[in-house]
Each structure stands twice: as C-alpha cells, then as structure tokens.
*Asks:* 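Below you will find the structure I want to go over with you.
Naming convention: chains lettered A, B, ... in sequence-line order (proteins, then strands); numbering from 1 in each chain. Because the structure is predicted, anything quoted here is derived from the model rather than measured.
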Number of protein chains: 2
Amino acid sequence: MQKSQRLIQLIMRINAKQSFTVRELADEFGLSTRTITRDLQELSELGVPVYSIQGRGGGYRLLQERLLPPISFTEGEALAMFFACQTMDYFSSLPFGEGADSALHKFYHYLPADVREQIDRLKNKIMFWSPYRLMSAEILQTLLQAIMICSVVTIEYKSSSGISERNIQPIGLYAASGYWYCPAYCFTREDIRQFRADRILSAELNRAIPCRAEISQKSLLDKPNKDDLEQITLELEMTNKGVWLLESNPRFGTFIRHNEDGSGALTIEIAAQDMNFYVDLIWQWGSEVKIVGPAEARAYMHHKIESMRLLYDR
Amino acid sequence: MQKSQRLIQLIMRINAKQSFTVRELADEFGLSTRTITRDLQELSELGVPVYSIQGRGGGYRLLQERLLPPISFTEGEALAMFFACQTMDYFSSLPFGEGADSALHKFYHYLPADVREQIDRLKNKIMFWSPYRLMSAEILQTLLQAIMICSVVTIEYKSSSGISERNIQPIGLYAASGYWYCPAYCFTREDIRQFRADRILSAELNRAIPCRAEISQKSLLDKPNKDDLEQITLELEMTNKGVWLLESNPRFGTFIRHNEDGSGALTIEIAAQDMNFYVDLIWQWGSEVKIVGPAEARAYMHHKIESMRLLYDR
DNA sequence: TTAAACAAGACAATTCCTGTCTTATTTATA
DNA sequence: TATAAATAAGACAGGAATTGTCTTGTTTAA
C-alpha cells in the first residue's frame with residue numbers, strides 16, 4: 001500500500017482505537033516503527049488531533065476527541081445537517097447542545113462556497129422556535145446521566161399541590177410542545193409517572209437505592225398498557241369553527257365526522273381516569289366544541305362554568 | 001508538495017469547483033496532466049464521487065454531490081449532530097428531511113464503535129416529539145422555494161371563515177409549538193400576515209405578480225414594530241395553582257409578582273388589538289387565573305362565560 | 001534501576017512518483 | 001465529415017520520496 005492511501009487508512013484506524021502504540025500500528029500495517037512515527041507526525045501536521053505520552057504505558061492518544069474519516073455528504077445532506085444543528089442550538093439546555101454549536105461552525109466553515117451561500121440565504125428564513133432554552137441544563141444533565149447508568153435520582157418536585165421530595169428512576173427524556181418530560185418510575189407512588197423537567201427543582205443521583213432492572217429495560221417507545229383500564233366514550237359536537245380548530249389537533253383531528261353544513265361531531269374512546277384531563281383540554285375551545293357525553297364530563301364542565309361565574313360575577 | 005498532502009488539497013479544490021478539467025488543475029498545482037489524471041483516478045478509487053466526460057467541453061464533474069473535506073468532530077459534537085439529525089427525521093415534511101435521514105446513516109456508520117454504543121444506549125431514551133410530520137411536504141417545499149427565489153405564491157387558505165384564494169410573498173418559515181408558520185406579505189390585505197402552513201390547502205408559484213423588494217429583504221428576526229400600536233395594560237390575579245401554571249409559560253412567566261400566601265398577580269402591556277387573543281389564551285386556565293382589568297377584557301370574558309352557559313344549560 | 005514508550009538524526013536501498021511521449025477514444029461543433 | 005478539445009492509458013527513465021536499520025536521547029511508571 002502506498003503512503004497516500006495508508007494515511008487515510010491510518011486516520012480510520014486511529015479513529016477506531018482511542019489509544020495505541022507505534023509498535024501496534026507498525027505490526028498491523030507491516031511497517032517499521034520509524035515509518036509509522038513519521039506518518040503520525042505528518043497526520044499531526046495535517047490537523048489530526050493526536051498527542052503522545054512518553055514512558056512506560058505511554059503511547060499515542062486521540063485528544064479526547066474523535067475524528068470522522070473523510071465522508072462525503074451530498075448538498076442536501078449538508079443542508080439538512082446544518083439546520084439540524086441549528087435546531088440543536090435551541091436545545092442548549094441539553095448536555096450536547098454545546099457540541100452542536102461548535103459542530104455547526106466547523107461544518108459551515110468547510111462547506112463549498114455555493115452551498116454556504118444557499119445556507120446564508122435560508123439562515124434567517126427558517127427557524128425552529130422552541131422555548132426549551134428556559135430549562136436549567138444541570139437538571140437535564142443529571143437526569144440524562146441517571147438514564148445512562150441506570151441510577152435512582154432524588155428530586156424535589158413542584159406539583160400543583162406543593163413541593164415534595166421523591167426518589168425516581170428515569171426511563172427517558174423527551175421534548176414535546178415546548179417542555180422536557182421525564183417518564184420515570186416513582187418509588188413513592190410505586191408506578192410510572194411523567195415528570196416535567198422544568199418542575200424538578202433539584203436532582204441528585206442516589207446510589208443508595210438499588211435500581212429496578214425491569215425499569216432500566218424500558219424505552220420511550222414502550223407505551224403504557226392502557227388496555228386494562230376502564231374506557232369511556234367521549235362525544236363531542238363542533239361548530240364550523242370548532243371543526244376548523246380540531247382538524248389540526250393531533251389528538252382529535254382524525255376522528256372528526258363532518259356534517260354537510262360544515263359543523264361536525266366526534267367520538268373517542270379514552271381511559272376513564274383521563275376524563276378530567278380531556279375536559280380541561282376541550283375547555284380551551286369554549287363554545288366552539290361542546291361535550292355531549294358522558295354525563296360526568298358534562299357535570300365537570302358545568303362545575304367549571306359555575307366557578308368561572310362565581311369568579312367574575314361579583 | 002508531496003502526493004499524500006496533495007491528495008487532501010485536491011479533495012478540497014474539487015469540492016470548491018463543481019466541474020473542472022485536468023488541464024486546469026495541472027496548471028493550478030504546477031504539475032503535468034498525467035499526474036493529475038493519476039491522482040484523480042486514485043481519489044476515485046478512494047471513494048470520491050467524481051466522474052469524467054470525454055470529448056470537447058468535457059471534463060471532470062462531481063456527482064452532483066459535494067464532498068466535505070476530512071473534518072474532525074469531537075465525541076460531543078458527533079453525538080449532538082446525531083441527535084440533531086434524528087430531530088430532523090421527525091421534520092420529514094421539510095424539504096431536506098430526507099437528506100437528514102441519509103446523513104444520519106452515513107454519520108452513524110462511520111462513528112467509532114464506542115461512540116456508536118453510547119448513541120445506541122440513548123437512542124430510545126431521548127426523543128424530540130413533534131407533530132410536524134402531519135404537514136404535507138409539498139406545500140412547505142413550494143413555500144421554501146418561493147422564499148429562496150423571492151417569488152409570489154398563490155395559495156388557497158382555510159381560515160375560520162372559509163376558504164379563500166390569496167397571493168402572498170413569503171418571508172420565512174418557522175416551526176413553533178407543533179405547527180409551521182409562514183409570515184408573508186398578503187397582496188389582498190396589503191400587509192404582513194402569519195399563515196399556518198397546515199391551513200394552506202394548495203400553493204403554486206405565481207411569476208405573473210412582481211415580488212416586492214422590501215419584503216424579500218426581511219428576515220424572521222425582524223420583529224413587527226408594535227410601538228405605534230395602541231397599548232393596553234392587562235392585569236391578572238392567580239391562585240396558587242394559577243401561579244404554578246403560569247410560571248412555566250414563556251409569555252407570562254417572567255412578569256409574575258408572588259404573594260406571600262403563594263398566590264400571585266401579573267401586569268403586562270399588550271397591543272390593544274391583541275386583547276381578544278390574550279383573553280382566549282387566559283381562558284384555558286379557567287378559574288385559576290382571573291382577569292382584573294381592563295374592563296373590555298372582563299366584558300369579553302363575561303361574554304365567553306355566558307355563551308358557555310347557553311351551550312350547556314339547556 | 002529498568003523496561004517500555006516516544007523523538008529524531010543519518011544514510012543507503014528501494015520504491016514511487018513524475019514528466020514526456022505516444023496511441024486511442026469520445027464528443028461537440030464548425 | 002473533419003477538427004478540436006477532452007479523457008484514457010501504456011511505457012520508460014530520471015529524480016524524488018519513502019522506508020528500514022541503526023543509533024542516541026528522553027520520559028515515565030513500576
């Protein structure tokens with residue numbers, strides 16, 4: 001193998017190991033140590049971040065960084081990655097938010113001029129607005145670490161009824177509609193609960209409590225099994241505007257039955273225990289969406305209206 | 001310059017041009033055409049996607065793709081890019097969603113084994129859930145194209161009052177709380193309006209109408225100047241739970257005044273024309289958040305309560 | 001103190017790289 | 001149809017770069 005090709009191979013090889021000795025590589029490539037030494041020197045001059053440690057047990061190390069071998073991306077891919085990283089920029093509260101920022105710069109810098117121009121044209125024209133940056137990075141980081149090493153975390157959680165201390169074993173983290181959520185097994189409630197990360201006031205790894213193996217196996221994709229819960233049927237009627245409002249709602253959109261005059265109706269099966277949640281949700285649409293049944297849902301609605309009257313009628 | 005280093009230079013040079021002849025490069029590097037031919041052959045064997053066209057006007061071309069020179073990323077950067085691309089995956093309705101997907105695979109494939117393992121451990125544990133995928137990619141693509149070439153678009157828009165046809169000149173695209181929005185100059189209203197992309201039923205470039213230069217200059221960061229609008233002061237009172245609810249709301253969170261008993265109050269300046277919008281927003285919190293003033297806001301609230309009573313009391 | 005690493009110079013043998021020359025082939029254009 | 005402008009690729013010799021060996025140092029953990 002010629003030198004020019006060997007150098008590229010070397011980059012990949014170095015990439016795969018994080019630490020190695022000259023002797024090792026020399027044997028691997030069937031070359032003398034002198035040659036490998038020279039190659040490494042050259043790579044170093046070309047910007048590959050390796051450094052050497054002399055002495056027994058020494059060797060070459062990658063500057064705790066990893067290289068990527070020369071990959072080629074298509075223009076579309078490069079664009080996509082750029083904007084993807086820009087998105088991450090807004091997730092600065094995430095442990096690797098910082099990485100995204102620096103990757104973004106490297107990426108941008110090495111792009112061919114015309115792709116860069118295209119990006120410039122779009123830069124201020126496309127945005128992913130997200131309020132996630134409001135979160136404290138520290139707590140997310142603790143949660144993330146707990147997920148990785150399957151540890152229990154002691155948190156202070158601020159629920160509507162006040163602040164309480166709990167031990168939880170986090171299953172994952174997900175961002176949805178502007179908030180970070182952490183599904184976790186709660187040792188107090190002895191069940192899986194969703195915690196909103198911004199309501200966790202403090203979080204600390206707690207190694208005293210052994211973690212539950214069956215919990216650490218779970219992934220975010222495992223849906224809680226709601227089959228065994230009592231189901232009820234929610235019936236709604238919508239005005240024309242109500243239809244328009246609900247059409248784009250991922251929860252209800254697909255269930256709408258359209259009437260000829262533009263109004264609509266909707267029937268959906270929900271878990272009985274979620275009823276109040278759904279009524280509160282539907283409340284936001286005011287008189288555009290009417291709850292027809294069940295009676296308990298209507299009763300809760302009446303109750304809400306009554307408390308509004310009391311609040312405003314004096 | 002030695003061959004090994006020249007090859008890396010060559011990659012970058014090729015990257016910058018999309019098309020070139022052997023002669024050109026030979027002059028540029030001060031080498032014979034034969035050498036360059038050999039180099040290109042070698043690069044081709046190393047996976048650089050160049051191809052040649054023989055005959056007059058021929059030359060070498062990059063396979064309509066662009067290469068990136070060998071960049072090195074840190075482990076953190078690689079992780080960030082991976083998750084960023086995964087995010088993009090959910091934005092599959094975006095024109096470059098597909099690119100993100102393929103970039104993701106390339107990226108993942110070339111990562112060193114232990115970084116890959118780390119990603120695997122986190123893959124199902126961190127997610128960015130977004131409902132953007134519900135959007136038709138076609139319309140977003142048309143809008144995006146219009147933004148790039150500064151063209152007018154004829155759209156069918158579904159507002160609450162029905163479907164209408166309009167000519168608009170898009171300024172940008174942004175994703176927020178699960179929807180894509182397109183701020184654009186509306187030729188019908190003769191003003192800038194926000195269009196929700198999923199309510200655009202069809203979109204077609206319309207080159208017949210000349211675009212407005214002052215509009216194509218605008219970026220998403222240009223905030224509409226609301227200084228000249230009439231301002232009113234909205235006053236709210238919250239229960240303990242109301243405080244808890246509003247704390248995490250980016251619109252109100254920072255303005256809360258806390259009382260000793262845990263309840264709170266809030267004063268915020270808003271544009272008079274946005275009042276109904278704000279009252280509708282506050283409505284969702286029911287009796288936890290009370291509007292104290294101005295009188296018009298309370299009147300609108302009363303009106304909403306009354307129509308709810310009528311709807312449910314018969 | 002020793003063994004295991006890296007650091008780097010010198011030099012000859014060898015390999016490879018490069019330019020030149022050559023012959024073909026392809027393709028657009030006049 | 002001829003021509004010019006491209007690529008494709010073989011052969012070969014001279015020169016340049018690469019390589020291995022040998023050597024002398026230095027650093028560091030055990």
*Asks:* Rounded off to whole Å, could you give me the CZ-to-P distance for the A/Arg34 and C/dA13 pair?
*Replies:*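 Rounding to the nearest Å, CZ of A/Arg34 and P of C/dA13 are 19 Å apart.
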
*Asks:* Distance check, rounded to the nearest 0.5 Å: A/Ile200 atom CD1 versus A/Ile139 atom CD1?
*Replies:*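 CD1 of A/Ile139 is found 6.5 Å from CD1 of A/Ile200.
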
*Asks:* Is the distance between the ring centroids of A/Phe195 and A/Tyr181 less than 6.0 Å?
*Replies:*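 No - the distance between ring centres of A/Phe195 and A/Tyr181 does not fall below the 6.0 Å cut-off.
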
*Asks:* Strictly under 3.5 Å: I want the nitrogen or oxygen pairs between protein and nucleotides 5-7 of chain C, one per line.
*Replies:*
| unit_1 | atom_1 | unit_2 | atom_2 | d |
| --- | --- | --- | --- | --- |
| C/dA5 | O4' | A/Gly55 | O | 3.4 |
| C/dC6 | OP1 | A/Val22 | N | 3.0 |
| C/dC6 | O3' | A/Ser52 | OG | 3.0 |
| C/dA7 | OP1 | A/Ser52 | OG | 2.7 |
| C/dA7 | OP2 | A/Tyr60 | OH | 2.7 |

*Asks:* How far does CZ of A/Phe20 sit from CZ of A/Arg61, to the nearest 0.5 angstrom?
*Replies:*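 A/Phe20 atom CZ to A/Arg61 atom CZ measures 9.5 Å (nearest 0.5 Å).
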
*Asks:* Any side-chain heavy atom of B/Tyr60 within less than 4.5 Å of one from B/Leu40?
*Replies:*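 SC-SC contact between B/Tyr60 and B/Leu40 confirmed.
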
*Asks:* Side chains of B/Asn167 and B/Val153: does their closest heavy-atom pair fall under 4.5 Å?
*Replies:*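 B/Asn167 vs B/Val153: side chains apart.
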
*Asks:* How many angstroms lie between OG in B/Ser4 and CG in A/Leu43, if you round to the nearest 0.5 Å?
*Replies:*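 So the OG of B/Ser4 and the CG of A/Leu43 are separated by 9.0 Å.
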
*Asks:* Write down the distance between CG (B/Leu40) and C1' (D/dA9), rounded to a whole number of angstrom.
*Replies:*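 To the nearest whole Å, that distance equals 14 Å.
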
*Asks:* Per the end-axis method with five pairs at each terminus, what is the bend angle of the helix from C/dT1-D/dA30 to C/dA30-D/dT1, to 10°?
*Replies:*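 End axes: 40° apart.
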
*Asks:* Side chains of B/Gln169 and B/Phe187: closer than 4.5 Å at any heavy-atom pair?
*Replies:*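 SC-SC contact between B/Gln169 and B/Phe187 confirmed.
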
*Asks:* Measure all distances between protein nitrogen or oxygen atoms and nitrogen or oxygen atoms of nucleotides 14-17 of chain C, and list the pairs falling under 3.5 Å.
*Replies:*
| unit_1 | atom_1 | unit_2 | atom_2 | d |
| --- | --- | --- | --- | --- |
| C/dC17 | OP2 | B/Lys3 | NZ | 2.7 |

*Asks:* Taking all non-hydrogen atoms of both residues into account, name the closest pair between B/Leu140 and B/Ala197 and its distance.
*Replies:*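 Minimum heavy-atom contact is CD2-CB, 4.0 Å.
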
*Asks:* Can you tell me how far CD1 of A/Ile168 sits from OG1 of A/Thr154, rounded to the nearest 0.5 angstrom?
*Replies:*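 Nearest 0.5 Å value for the OG1-CD1 distance: 9.0 Å.
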
*Asks:* Measure from CG on A/Leu25 to C1' on D/dG20 and round the result to the nearest Å.
*Replies:*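 Those two atoms, CG and C1', are 17 Å apart.
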
*Asks:* Whole angstrom is fine here: how far is it from CD1 in B/Ile36 over to P in C/dG19?
*Replies:*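 Atom CD1 in B/Ile36 sits about 8 Å away from atom P in C/dG19.
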
*Asks:* How many whole angstroms separate atom CD of A/Gln5 from atom C1' of D/dT18?
*Replies:*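 Value for this atom pair: 15 Å.
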
*Asks:* Pairing donors with acceptors under 3.5 angstrom, does anything connect the side chains of B/Thr142 and B/Glu204?
*Replies:*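 Note: B/Thr142 and B/Glu204 side chains miss the donor-acceptor criterion.
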
*Asks:* Provide, to the nearest angstrom, the distance between the CZ atom belonging to B/Arg61 and the P atom belonging to C/dT26.
*Replies:*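 After rounding, the gap between these two atoms is 18 Å.
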
*Asks:* Run the salt bridge (Lys or Arg N to Asp or Glu O under 4.0 Å) test on B/Lys3 and B/Glu42 for me, step by step, so that the C-alpha distance in whole Å, both residues' side-chain angles and the decisive distance to 0.1 Å come before the verdict.
*Replies:* CA-CA 11 Å; B/Lys3 191 189 171 195; B/Glu42 199 167 325; 2.4 Å; yes

